[in-house]
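Okay, so here's the structure we're looking at.
Protein chains get the first letters and strands the later ones, always in sequence-line order, with residue 1 at the start of each. The basis for the numbers below is simple: all heavy atoms, side chains too, and nothing from hydrogens, waters or symmetry mates.
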Protein chains: 2
Amino acid sequence: MGEITIHNKIITSASNLFYANGYNSTGINEIISKSGIAKATLYSHFKSKEDICMAYLKQRHDSFLESLKSYVSKRKKGRNQLLAIFDLLRDMYREEDFHGCWGLKTLGELSPKQKKILGVIQKQKKELLLYLGEVVGDNITNISKAETEKISGGIYLLYDSAITESHLFKNDWPIYTARSIAPLLFANSEVVQ
Amino acid sequence: MGEITIHNKIITSASNLFYANGYNSTGINEIISKSGIAKATLYSHFKSKEDICMAYLKQRHDSFLESLKSYVSKRKKGRNQLLAIFDLLRDMYREEDFHGCWGLKTLGELSPKQKKILGVIQKQKKELLLYLGEVVGDNITNISKAETEKISGGIYLLYDSAITESHLFKNDWPIYTARSIAPLLFANSEVVQ
DNA sequence: ATAAGAAAAGACTGGTCTGTCTAGTTATCC
DNA sequence: GGATAACTAGACAGACCAGTCTTTTCTTAT
């Protein structure tokens with residue numbers, strides 16, 4: 001865990017480049033020069049640029065979801081846990097290398113042929129949606145499946161636009177607006193105290 | 001107006017290609033072959049690919065805003081006008097060549113250097129936000145500036161995530177969810193009858 | 001010490017990219 | 001009819017692309 005393997009070095013360098021400059025604009029040569037490795041070494045660890053992209057997406061998503069779970073678990077039950085995702089986003093926005101959502105950024109670059117990468121992004125977003133559903137279930141009592149989906153879907157939509165728009169405008173108003181709107185979703189629900 | 005000039009042919013071809021396959025994945029040669037023109041002709045109308053991109057964004061945005069204004073004006077005052085943007089989005093989604101938001105799609109491809117295109121996207125999104133503010137002002141009475149901004153900002157965020165997520169999932173649930181959430185924004189306001 | 005494996009360095013293939021330039025063709029207007 | 005402008009076709013430059021391969025160097029385990 002956390003070892004500095006060549007594998008990790010490649011993913012880290014590629015991740016920074018893809019996230020900052022875009023997938024199509026980043027060349028293999030940039031990745032190897034930033035990793036300080038030879039080209040043949042890279043291709044002995046990954047069979048294609050597409051594979052590196054999927055590893056990049058997975059790494060970002062896994063670490064995001066881990067952070068989110070930690071943010072949720074560190075908060076009091078109820079409203080605070082339901083809004084934890086916006087606290088995380090606010091802190092992500094404050095990082096100097098914030099460039100919005102890695103998944104949606106990559107989605108914009110895909111041509112309809114690149115089904116594999118699309119599948120990865122869809123899977124990750126569904127995973128987030130599912131987790132938000134759990135958080136809603138844990139923090140709101142006596143709630144139907146339809147209501148759960150509406151609330152978690154709403155938080156999801158607000159989060160995804162907040163991350164994209166704060167990046168677009170280079171301003172955090174979308175995060176605060178989204179966070180202030182989210183409670184309307186469960187205003188008439190039995191939020192756990 | 002609406003003449004079939006070479007200028008328009010270039011924008012139309014480029015627009016379809018950029019929107020479907022992405023900006024970086026679309027080559028000049030593809031654009032000229034789809035336009036049925038020679039390369040020198042293209043470069044006598046546009047000085048660079050970046051310029052074509054900006055014309056593409058402008059054309060999509062202008063036509064979107066025109067449609068939106070028409071959708072709003074054709075609806076009864078009040079709730080229907082406030083939600084008109086989601087009706088438009090639903091109809092856009094049903095078009096066979098729907099690929100989400102042209103602006104956000106392009107945003108994902110930009111490296112931090114491409115300030116000009118970023119500026120165009122920011123300007124367009126601000127224009128949409130401003131127009132939504134007008135619609136809110138026209139349809140809700142006795143409302144403060146802060147409340148107007150919260151409601152129009154909320155509709156804006158819901159619209160932008162709905163367009164992106166419906167494209168990502170190839171499903172219209174985000175549009176209906178966003179539309180069903182939006183009224184919560186003005187539940188306690190004086191909506192014009 | 002030696003054998004085996006991993007990695008470095010970078011040449012190379014075959015292709016793509018944007019943008020320029022030259023030539024020849026067509027259309028238009030006086 | 002002759003001039004002017006707009007267009008076509010495609011060669012070309014110079015750079016970059018992903019991915020393969022060879023050769024040399026280094027590390028490590030027995």
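Look at CD1 on A:Ile28: it is 13 Å from C1' on D:dT20, rounded to the nearest Å. Computed from coordinates, the B:Asn29 CG to C:dC17 P distance equals 6 Å when rounded to whole Å. D:dT8 atom C1' lies 18 Å from atom CD1 of B:Ile31, rounded to whole Å. Rounded to whole Å, the distance from NE2 on A:His7 to P on C:dA6 is 15 Å. In this structure, A:Ile32 places its CD1 atom 11 Å from P of D:dC17, rounding to the nearest Å. Taking atom OH on B:Tyr43 and atom C1' on D:dC12, their separation rounds to 14 Å, with Å as the unit.
Within residues 46-53 of chain B, the residues that have a heavy atom under 4.0 Å from DNA chain C are, in order of number, B:Ser48, B:Lys49.
Residues A:Trp102 and A:Phe64 bring their aromatic ring centres within 6.0 Å.
Rounded to the nearest 0.5 Å, atoms CG (A:Leu89) and SG (A:Cys101) are 10.0 Å apart.
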Under 3.5 Å, which protein N or O atoms sit close to an N or O of nucleotides 7-9 of chain C? Give each pair with its distance.
residue, atom, partner, partner atom, Å
C:dA8, OP1, A:Gly36, O, 3.4
C:dA8, OP2, A:Ala38, N, 3.0
C:dA8, OP2, A:Thr41, OG1, 2.7

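Just one residue in the list A:Asp91, A:Asp87, A:Asn80 forms a side chain to side chain donor-acceptor pair (under 3.5 Å) with A:Tyr71, and that residue is A:Asp91.
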key: A:Leu17/A:Tyr23 under side chain to side chain contact (heavy atoms under 4.5 Å, CB included): CA gap, chis, key distance, verdict   = CA-CA 8 Å; A:Leu17 290 165; A:Tyr23 173 64; over 6 Å; no
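For the pair A:Lys125 and B:Phe169, the cation-pi test (distance below 6.0 Å, angle within 45°) is failed. A cation-pi arrangement is not found for B:Arg79 relative to B:Phe186, the charged atom failing to lie both closer than 6.0 Å to the ring centre and inside a 45° cone about the ring normal.
Using a 4.0 Å heavy-atom cutoff across all strands shown, A:Ser25 reaches no nucleic acid atom at all. Residue contacts shown for A:Ser35 are absent, as no nucleic acid heavy atom lies under 4.0 Å away.
Across every non-hydrogen atom of A:Ile121 and A:Leu107, the tightest pair is CD1-N, 3.8 Å.
When only modelled atom types and interatomic distance are considered, A:Thr5 and A:Lys9 share no side-chain donor-acceptor pair under 3.5 Å. Checking B:Lys39 against B:Asn29 by side-chain atom types alone, a donor-acceptor pair falls below 3.5 Å.
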